[in-house]
Amino acid sequence: MAQERVIALVDMDCFYVQVEQRRDPSLRGKPCAVVQYKKWQGGGIIAVGYEARAKGVTRQMRGDEAKKKCPEITLVRVPENRGKADLTRYRDAGREVIEVLCKFSRCVERASIDEAYIDLTEEVVKRIEERGPDSVTVDMLSSTHVAGWQTDTVGQSSESEGINLDGRAVGVFQWLDSLSRRDASLYDRRLAMGAVIAEEMRAAVERETGFHCSAGIGHNKVLAKLCCGLHKPKQQTVLPHASVPQLYSTLPIKKVRGCGGKLGASLTEDLGVEYMGQLAAFSEKELQAKCGDKCGTWLYNLCRGVDYEPVKDRQVAQSIGCGKNFPGRECLDTKEKVLHWLSQLSSELAERLQKDKEMNNRVAKLLVVGFRNDGNPPTSASRSCAIHRYEADQLCKDAFILLKQFNLAGNHQAAWSPPIMNLHLNASKFVEEGGAASGNIATFLSKTPNNKLSQAPSMKQETKKEATQHGSKEERRTSGIAAFFSPSHKNVVREVEGEIKTTIGTSVQVNTSPASTGPGQVQKMSFFAKFKQSPAEQEGRSRAGGIPLTAQCERSPRKTGFFAAKSVKSSSASGCVKSVKNAHSPDDVTLQEELQTQWKGCDKSSNDTSTVSQPSDKPQIQAESHTPRTGPSDTNSTASDSDSNGEGPQEGSTEPDRPDCTAVPSDRCVSVTGDASGTQVDAEDVTKCEKCGKDILAWELPEHLDFHFAMELQQQQQQQTSNGTGASAHASGSNVSKATSGAAKITGKRRGRPPKRQKIDHPTLDAFFKHRS
DNA sequence: CATGGGGTTAGT
DNA sequence: ACTAACCC
Ligand SMILES: Nc1ccn([C@H]2C[C@H](O)[C@@H](COP(=O)(O)OP(=O)(O)OP(=O)(O)O)O2)c(=O)n1
Ligand SMILES: [Mg+2]
Ligand SMILES: [Mg+2]
């Protein structure tokens, strides 16, 4: 049954802004936004607090623009490290939230840095068993709205003896009241219980992290996401299945997750469909003809409020990447620039991968390097190779090898052919760490990475200024199984005693507090504002004592009994997907010979003079920079003012030391493959490099030497910049390869590979073949 | 000059 | 393996 599940979507309110406001409490309650960079017209705004939204400040806006709209606004800068924005602070904060959510369900899916889907079916069923279906009372839903049941404002509340009934509370009450009728939907009762749990989850999130959030509760992910946005700061919305048609009748297609881009536009253009509900007029086949079988079926169901996508049991990202744009004149048009930024990106990636390994007991096996060129249209491409070790210089080196195939300029030249406007690295294909005592045997054998959150994210120094109580920070959550719900919820059992049987107008135990109303309370005026009225109101009906019909939609001839549906695929488990897939991962990457030496020393002080790290943050891993700080406010120039000029150092600190230029004995990776398909580069044909004394495949010597050249060149350049001296790159490098410049075409087919078949080519080998074949 | 820096999934 | 679409 399409309504058997109870899914919640929790989304943090103006997340980055809240993260900054927790760090610096003086920012609380003030108009505030987070900007990235500052030089170009005040930087780009990526998050806006609700006070500032009320003044018209939006994302995408430039900092300068925001200042015009709201002169009192405080713009907080995203931390910068290695010359680029660094979102670590927000990722860490997002993980804190996920940790809390995991206490409420075994199935939590991290959907983005600030939101997660939670399959609450199991918990809901359990609670209904324990407490009965009618145990939900309005006071348990003090910040809840029921879509389609909002009796709106206008004149009311005056005559009620002292009871301030707002439209929200009346709607909640009427809905709950309707659920106690015999013919009420069993699944609506589940939703009500889900809403209770969602209230508790959100309270726990706020108590334990200091961040407030909103939520949507529905029978599937799309509906949960959709209704979360109906009432945004510090509120939640439950969407009964019967309210879907009403909601969809005026919901622009592009508001639905997955339809916000070209698909939604083409549906409107080609089918003449404006609102989601209109899609229901098309047959499944018609929709399939329009956008393919899978998509067509998906739309056919979706416009009826049905979506079967499971909530995945995954709390950690499946890829870790970093990148940077180089717009306009900042484009990378020399090999030195490319190497420099590759080095910066590699450094960040290696650091993040290492931390990820420690925290999640897994290692990434695939490195992807990608770029974009200017043009009309802009072109882009990416290439990948195996990751053998988490070492910045190795990643840098491999990435460069992959990248240089696209350099139309000669390899020995200073210039880089089509200038690069965007460069990015990404690591993925995680497998559980080989470490002995890790994970159980089954998961180890299947090479399934641990995608559960394992331990508290070190709980850094990020003090919980707002957090109170000892609370459950102990995190006895290891992974999986032992996640049972426990949080300190007060308003629990109300026992079945007083079902709230009352009628409008009589004494109702309505919680008067709107739970939150503040400067931020600005409701979206676009589509969402309109759906705040009940169907009755939209139809011009009176709502006096009227209990809205719950019918009119497909109310299934359902069997009775809460567990009737249990047989369907898994009611309690309700299809929550445990990420145990990859029984035989497609990437049983064969470890292979390490063909090249690693130079630690891609750059040591790879910091060019101008790049500076930034906010002194907490005692981070910074080198020396002793900003006597400890308070949160120290930090990122919460520079609301001036400063407009500086992309420059926000505050100095040097980059943490990087491995230095010493050759290291190569611990060549053994080939070994568990799998017959994996082909390795044979370790034969090895010769010794005179520059570093390492064993190199003979056929790769040209590439190898080229690296020495490039690295030396880069080092030299960095020395120069730090000395402020002029420049000229004379490379002592015994550059050998040169004539062999065969740049790859971006759009065209790649050249054939050697007859060897393999899962993941060794980068240098791959490069070699593409290079000269 | 010029949103930018992330992520996931589906199609080929 | 790589690209495109979509999303935060
Ligand atoms: N294009 C975007 C969208 C979002 N974000 C970041 C900043 C946001 O704070 C965070 C969460 O995105 P949301 O769309 O959930 O927006 P907010 O949480 O900021 O606001 P809201 O209260 O509307 O959810 O992700 C971003 O960097 N770039
Ligand atoms: Mg949000
Ligand atoms: Mg979000």
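Because the structure is a prediction, the values reported are computed rather than measured. Chain letters run A, B, ... following the sequence lines, proteins first, then strands; residues in each count from 1.
- Taking a cutoff of 4.0 Å between a charged side-chain nitrogen and a carboxylate oxygen, A:Arg95 and A:Glu99 do not qualify as a salt bridge.
- Within 4.0 Å of A:Lys254, counting heavy atoms only, lies no atom of the nucleic acid at all.
- The residue A:Leu263 sits close only to the backbone: its heavy atoms come under 4.0 Å of sugar-phosphate atoms, none of a base.
- Using a 4.0 Å cut-off, some side-chain N or O of A:Lys294 falls inside it from OP1 or OP2 of B:dA10.
- B:dT9 atom C1' lies 11 Å from atom NZ of A:Lys221, rounded to whole Å.
- With B:dT9, B:dG7, B:dC1 as the candidates, the nucleotide lying closest to the side chain of A:Lys312 is B:dT9.
- Each of B:dG6, B:dG5, B:dT3 was ranked by its minimum atom distance to the side chain of A:Ala85; first place goes to B:dG5.
- Sequence order on DNA chain B of the closest nucleotides to A:Asp86 and A:Met61 puts A:Met61 first from the 5' end.
- A:Phe326 has its CZ atom 16 Å from the P atom of B:dT3, to the nearest Å.
- For the pair A:Arg91 and B:dG5, the criterion of a side-chain N or O lying under 4.0 Å from OP1 or OP2 is not met.
- The interatomic distance linking A:Tyr16 (OH) with B:dG5 (P) rounds to 12 Å, in whole Å.
- A:Cys295 comes within contact range of no nucleotide atom at all, as no heavy-atom separation falls under 4.0 Å.
- Residue contacts for A:Glu115: at a heavy-atom cut-off of 4.0 Å it reaches the sugar-phosphate backbone alone, with no base atom in range.
- In this pair, A:Trp40 lays its aromatic ring flat on the base of B:dA2, centres within 5.5 Å and planes under 30 degrees apart.
- Using a 4.0 Å cut-off, some side-chain N or O of A:Ser319 falls inside it from OP1 or OP2 of B:dT8.
- At whole-Å resolution of the value, CD in A:Gln315 and P in B:dT8 are 13 Å apart.
- In summary, A:Arg257 and A:Glu309 engage in a salt bridge, as defined by a charged side-chain N under 4.0 Å from a carboxylate O.
- Ion pair A:Lys324/A:Glu348 not flagged as a salt bridge, since none of the NZ, NE, NH1 or NH2 atoms sits closer than 4.0 Å to an Asp/Glu carboxylate oxygen.
- For the residue pair A:Glu274/A:Thr268, the side-chain donor-acceptor check at 3.5 Å is not satisfied.
- Heavy atoms of A:Ile320 sit under 4.0 angstrom from primed sugar atoms or phosphate atoms, though from no base atom.
- The shortest distance between the side-chain N/O atoms of A:Tyr37 and the OP1/OP2 oxygens of B:dG5 is below 4.0 Å.
- At C:dC2, one or more side-chain N or O atoms of A:Arg383 fall inside 4.0 Å of OP1 or OP2 (strictly under the cut-off).
- For the C1' atoms, the distance linking B:dT3 with C:dC7 amounts to 16 Å, nearest Å.
- We find that NE2 of A:His424 is positioned 11 Å from C1' of C:dC2, with the value rounded to whole Å.
- When rounded to the nearest whole Å, the span between CG of A:Asp64 and C1' of B:dA2 equals 13 Å.
- Within the nucleic acid shown, A:Val256 comes within 4.0 Å of sugar-phosphate atoms alone, with no base atom in reach, counting heavy atoms only.
- Counting only heavy atoms from C-beta on, A:Arg62 has its side chain closest to B:dT3 among B:dG5, B:dT3, B:dG11.
- In this structure, CG of A:Asp293 is placed 14 Å from C1' of B:dA10, rounded to the nearest angstrom.
- Using cut-offs of 30° and 60° for the angle between ring planes, the A:Tyr16 and A:Tyr90 rings count as parallel.
- Using a cutoff of 4.0 Å between basic side-chain nitrogens and carboxylate oxygens, A:Lys337 and A:Asp333 are scored as salt-bridged.
- Within the 4.0 Å cut-off from OP1 or OP2 of B:dG5, at least one side-chain nitrogen or oxygen of A:Lys324 is found.
- At least one side-chain nitrogen or oxygen of A:Gln318 sits closer than 4.0 Å to the OP1 or OP2 atom of B:dT9.
- Comparing B:dG6, C:dC8, C:dC6 against the side chain of A:Leu87 picks out B:dG6 as the nearest.
- Considering only side-chain N and O atoms, A:Lys39 lies nowhere under 4.0 angstrom from the phosphate OP1 or OP2 of B:dC1.
- Both A:Cys291 and A:Ala111 lie close to DNA chain B; mapped to their nearest nucleotides by heavy-atom distance, the more 5′-ward contact belongs to A:Ala111.
- Listed pair A:Asn325 / B:dT3 fails the phosphate criterion, with no side-chain N or O lying under 4.0 Å from OP1 or OP2.
- The phosphate of C:dC2 has OP1 or OP2 within less than 4.0 Å of a side-chain N or O from A:Ser384.
- Atom P of nucleotide C:dC8 and atom CG of A:Asp13 are separated by 15 Å, given to the nearest angstrom.
- Contacts of A:Cys259 with the nucleic acid, taken as non-hydrogen atoms under 4.0 Å apart, involve only primed sugar atoms and P, OP1 or OP2.
- For C:dT3, the OP1/OP2 oxygens have no side-chain nitrogen or oxygen of A:Ser380 closer than 4.0 Å.
- Side-chain polar atoms of A:Ser428 and A:Gln318 form no donor-acceptor pair below 3.5 angstrom.
- For the residue pair A:His424 and A:Asn426, no side-chain donor N or O sits within less than 3.5 Å of a side-chain acceptor on the partner.
- Counting any heavy atom pair closer than 4.0 Å across all strands shown, A:Ala381 reaches sugar-phosphate atoms only and no base atom.
- Here A:Arg352 lies in heavy-atom contact (under 4.0 Å) with sugar-phosphate atoms only.
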